[in-house]
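Okay, structure first, notes after.
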2 protein chains.
Amino acid sequence: MANIHHVAKEAGVSVATVSRVLNGQNSVTYKTRLKVEEAINKLNYEPSMLGRNLRNSESRILLILIPQISNPFYTEIIKGIEQTAISLHYNILLCETDSNPQREDIYFELVRNKMADGIISMDPAVNRESLAKLAEKHAIIQCSEYTPNSGIPYVTIDNEEAAYRAVNHLIQIGHRNIAMINSDETYLYAQQRRQGYQKALEEHGITFRSDYVLHTAELGFDYGQQAMKKILKLKNRPTAVFAVSDLLAIGALKEVNNQRLKVPQDIAIVGFDKIDFSNMTYPTLTTISQPMYKMGKIAASMLINRIKGNPVESVILEHELVIRGSTAGY
Amino acid sequence: MANIHHVAKEAGVSVATVSRVLNGQNSVTYKTRLKVEEAINKLNYEPSMLGRNLRNSESRILLILIPQISNPFYTEIIKGIEQTAISLHYNILLCETDSNPQREDIYFELVRNKMADGIISMDPAVNRESLAKLAEKHAIIQCSEYTPNSGIPYVTIDNEEAAYRAVNHLIQIGHRNIAMINSDETYLYAQQRRQGYQKALEEHGITFRSDYVLHTAELGFDYGQQAMKKILKLKNRPTAVFAVSDLLAIGALKEVNNQRLKVPQDIAIVGFDKIDFSNMTYPTLTTISQPMYKMGKIAASMLINRIKGNPVESVILEHELVIRGSTAGY
DNA sequence: TATGGATTTGTAAACGTTTACAAAAGATGC
DNA sequence: GCATCTTTTGTAAACGTTTACAAATCCATA
């Protein structure tokens with residue numbers, strides 16, 4: 001396979017000149033440029049990124065850490081990241097961590113190894129210490145989930161406020177027995193949403209009941225369904241449920257349907273994320289919409305700025321409550 | 001940042017010896033190995049993949065081409081690919097093509113550039129000529145969608161047979177007016193599933209009606225919903241629908257619900273792929289299950305074999321009809 | 001204590017680029 | 001035609017590894 005030396009020879013110039021043509025430098029005479037381009041075509045030459053990357057000590061690869069590929073919440077964010085990355089000639093490596101520190105380590109290793117130029121972490125279960133340590137020497141951005149005061153820049157929404165609005169909405173339409181399906185509260189977003197939930201209750205003089213707050217080990221339909229099973233067995237059965245993820249909410253909805261109860265008449269449900277599916281359920285799901293695409297774009301440009309050594313500021317984006325069938329007349 | 005020369009100096013040995021320690025070669029004396037490891041720790045040395053990759057002329061990156069990240073059909077396959085890849089120390093780069101030749105070209109370029117060692121293509125809309133051309137010099141595998149007689153090895157299921165079984169099931173439970181929601185028939189899988197559909201009809205003496213076959217531009221809820229809208233307006237309204245994707249089927253189901261018709265009593269629906277969400281709908285969706293994880297694992301090991309220069313054979317995997325609520329009593 | 005063979009270590013080239021610097025060529029003015 | 005300045009081109013080092021080959025060391029044996 002042809003390399004830059006072959007091209008140089010064929011064109012009768014030096015490798016430096018070929019390189020200059022390749023990189024579009026304009027200190028090359030029209031005539032020689034032509035000769036070089038001819039040689040390139042003749043030899044079917046394709047410059048090797050390996051050589052270039054080594055020389056420039058960059059890989060032009062960005063890592064995206066997510067816990068599960070299958071959670072559609074991330075797909076829109078990823079699209080945003082990708083769009084920005086590609087337009088700036090970076091490629092993205094999607095890394096599923098399964099919230100497993102060992103998997104995580106493989107990916108951290110890639111940036112230490114220079115195989116990747118930076119990381120956008122969206123994994124709530126990320127090892128915060130390792131990440132902070134890595135961030136001392138490498139470009140890291142957190143997206144959606146973040147670590148306060150870690151010095152790692154992030155882009156996210158105001159989770160407490162979002163949860164507050166969701167629960168407030170339930171209260172507005174008359175509910176007072178409102179359960180919450182939360183995920184593991186070691187995650188910051190889970191803590192924040194829980195706080196929003198409590199804040200809304202308190203503001204309306206509703207006593208907080210700890211048995212009304214369920215926790216799931218993971219985000220997934222099944223977990224939501226299991227949680228709803230428990231909720232429906234509670235004495236003083238709640239009339240509304242706020243789930244911190246659409247996946248959980250959809251699983252919960254399924255269980256309500258299974259038990260021949262009506263949504264929203266018997267139980268109202270609010271989700272979180274506004275994933276595509278949330279509009280396909282019966283009834284459609286009231287949920288919190290995050291600007292996922294935008295979040296991805298911002299995360300990517302923050303990261304690339306970081307890589308270039310520019311200073312970057314954390315960003316908090318707007319969210320929106322989308323009222324649909326699961327809390328309203330259908 | 002420390003490199004292999006620094007380590008060599010620190011340990012008082014040559015770079016060759018350090019390299020040997022790094023690569024676990026056993027021609028190194030215990031004593032010197034210890035010295036080297038000490039130096040490595042002391043300097044916090046991390047070998048650079050860039051240097052290694054250039055020297056070995058490999059990148060250890062595999063490309064996965066899919067049309068849309070958001071289609072959950074692919075996520076399970078990707079998991080399978082990833083699992084195999086990681087265990088063999090490869091990384092995967094997920095490439096969303098949007099079925100856009102330009103996007104595709106960016107990724108093809110990556111393998112020509114040596115930035116990736118091979119490709120698993122799952123994009124039905126891939127440019128078959130470009131791909132075949134690329135496959136002359138590089139390792140390529142097709143997964144799910146393939147190009148017959150192109151010489152590119154593939155792993156897939158028998159789409160015709162699967163569709164045949166799906167439609168056969170509808171006929172068995174008494175339907176004779178069966179519509180089909182197909183995607184673009186330029187794709188092989190769409191042609192094959194259409195053939196299976198027709199075969200089942202023919203075998204039971206049901207006349208094929210071309211107005212019963214709808215086509216969608218893309219796979220997505222909305223497209224399925226639109227198609228179902230048209231179906232419900234047909235004179236001689238079908239009593240059953242076979243959709244070539246769960247996404248389409250779920251969109252279709254949504255429309256039936258919207259129009260206050262009952263599934264399966266008024267309209268029975270069969271989907272394809274058995275995505276997670278197909279079990280969350282109301283009613284649950286009868287569908288064809290593909291061994292997606294396995295498919296991914298096989299595709300990955302085929303590709304890695306190809307990269308190593310070993311010969312590989314195409315594979316056709318088993319599928320299964322999963323009967324659920326949308327065609328049965330609930 | 002040589003001798004020879006086996007084992008361990010070192011030297012230097014190679015992978016394919018980019019780029020600082022030097023050299024050559026071309027343009028300008030007198 | 002020559003000196004000077006500007007533009008274009010070439011030379012060679014550098015990025016960080018691996019590895020063929022050569023050199024050095026070790027060990028057993030006569």
Side-chain angles (χ1 to χ4, degrees), chain A residues 1-40 43-61 89 109-117 137, chain B residues 1-40 43-61 89 109-117 137:
Chain A
M1 187 137 286
N3 65 21
I4 200 170
H5 288 98
H6 299 141
V7 175
K9 198 166 197 181
E10 176 71 29
V13 300
S14 75
V15 290
T17 303
V18 177
S19 175
R20 282 189 268 256
V21 171
L22 251 30
N23 293 286
Q25 274 167 280
N26 52 1
S27 83
V28 180
T29 251
Y30 179 72
K31 239 178 75 184
T32 49
R33 155 165 287 121
L34 227 61
K35 277 195 299 182
V36 171
E37 279 166 354
E38 234 165 55
I40 288 177
L43 300 179
N44 270 311
Y45 167 71
E46 298 271 352
S48 155
M49 283 294 169
L50 296 179
R52 179 174 293 173
N53 288 350
L54 173 60
R55 169 63 210 220
N56 297 343
S57 46
E58 61 175 11
S59 64
R60 301 204 83 85
I61 288 184
H89 299 106
E109 198 67 17
L110 285 182
V111 357
R112 288 194 217 102
N113 279 337
K114 306 263 176 81
M115 193 66 227
D117 293 344
K137 303 212 166 214
Chain B
M1 186 136 287
N3 65 22
I4 200 171
H5 287 98
H6 299 141
V7 175
K9 199 166 198 179
E10 175 73 28
V13 300
S14 74
V15 291
T17 302
V18 178
S19 175
R20 282 188 269 258
V21 171
L22 251 30
N23 293 286
Q25 274 167 278
N26 53 1
S27 83
V28 180
T29 248
Y30 179 72
K31 238 178 75 183
T32 49
R33 153 166 287 122
L34 226 60
K35 278 195 297 182
V36 171
E37 280 165 354
E38 236 164 54
I40 288 177
L43 300 179
N44 271 311
Y45 166 70
E46 298 271 354
S48 155
M49 283 294 169
L50 296 179
R52 180 174 292 173
N53 288 348
L54 174 60
R55 168 64 209 219
N56 297 342
S57 45
E58 62 176 10
S59 64
R60 301 203 82 84
I61 287 184
H89 300 105
E109 199 67 16
L110 286 182
V111 356
R112 288 193 217 105
N113 279 337
K114 306 264 174 81
M115 193 65 228
D117 293 345
K137 302 211 166 214

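To find a chain, count down the sequence lines: A is the first, B the second, and so on, and within it residues start at 1. All values below were derived from every heavy atom in this structure, side-chain atoms included, with hydrogens, water molecules and symmetry-related copies excluded.
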- Check the pair A:Glu38, A:Lys35 against salt bridge (charged side-chain N to carboxylate O under 4.0 Å, His left out), reporting the backbone distance first and the verdict last. CA-CA 5 Å; A:Glu38 234 165 55; A:Lys35 277 195 299 182; over 6 Å; no
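Atom CG of B:Leu43 and atom C1' of D:dG16 are 15 Å apart (whole Å). The nearest whole Å value for the distance from the CD1 atom in B:Ile4 to the P atom in D:dA14 is 18 Å. We find that NZ of A:Lys35 is positioned 12 Å from C1' of D:dG10, with the value rounded to whole Å. One interatomic measurement links the two molecules: NZ of B:Lys9 to P of C:dG10, which rounds to 15 Å at whole-angstrom precision. Nucleotide C:dG10 holds its P atom 14 Å from the CD atom of B:Gln25, rounded to whole Å. Atom CG of B:Asn113 and atom C1' of C:dC15 are 16 Å apart (whole Å). Per the geometry, CE belonging to A:Met115 stands 15 Å off P belonging to D:dG16, to the nearest Å. Look at CZ on B:Arg60: it is 17 Å from C1' on C:dC15, rounded to the nearest Å.
Across all strands, A:Thr17 comes closer than 4.0 Å only to sugar-phosphate atoms, never to a base (heavy-atom distances). Using a 4.0 Å heavy-atom criterion, one finds that B:Asn23 contacts the sugar-phosphate atoms exclusively. Across all strands shown, A:Glu58 has no heavy atoms under 4.0 Å from either base or sugar-phosphate atoms. Within 4.0 Å of B:Leu50, counting heavy atoms only, lies no atom of the nucleic acid at all. B:Ser27 comes within contact range of at least one nucleobase, with a heavy-atom separation under 4.0 Å. At the heavy-atom level, B:Asn56 lies under 4.0 Å from the strands shown only through sugar-phosphate atoms.
Scanning atom types as modelled, one donor and one acceptor separated by under 3.5 angstrom connect the side chain of B:Arg20 and the base of C:dG10.
Side chain of B:Pro47, nearest nucleotide from D:dT17, D:dG16, C:dT17: D:dT17. Of the listed nucleotides (C:dT18, D:dG10, D:dT17), C:dT18 has the atom at the smallest distance from the side chain of A:Val15.
Of the two residues near DNA chain D, A:Gly12 and B:Leu54, the one whose nearest nucleotide lies more 5' is A:Gly12. Between B:Gly51 and B:Ala16, it is B:Ala16 whose nearest contact on DNA chain C lies nearer the 5' terminus. Nearer the 5' end of DNA chain C, as judged by each residue's closest nucleotide, is the contact made by B:Val13, out of B:Val13 and A:Tyr45.
Between B:Arg55 and C:dA14 there is no side-chain polar atom (N or O) within less than 4.0 angstrom of OP1 or OP2. At D:dT18, one or more side-chain N or O atoms of B:Arg52 fall inside 4.0 Å of OP1 or OP2 (strictly under the cut-off). Look at B:Ser48 and you won't find any side-chain N or O under 4.0 angstrom from OP1 or OP2 of D:dC15.
Closest non-hydrogen pair, A:His5 versus A:Val15, comes out as CD2-CG1, 3.2 Å.
Between B:Ile61 and A:Ile61, some side-chain heavy-atom pair lies under the 4.5 Å cut-off.
Put simply, the residue from A:Met49, A:His89, A:Arg52 that forms a side-chain contact (heavy atoms from CB on, under 4.5 Å) with A:Arg60 is A:His89.
Side-chain contact of A:Asn53 with A:Ser59: a donor-acceptor pair under 3.5 Å is absent, judged by distance alone.
Listed for the B:Thr29 side chain is no donor-acceptor partner under 3.5 Å among the backbone atoms of B:Thr32.
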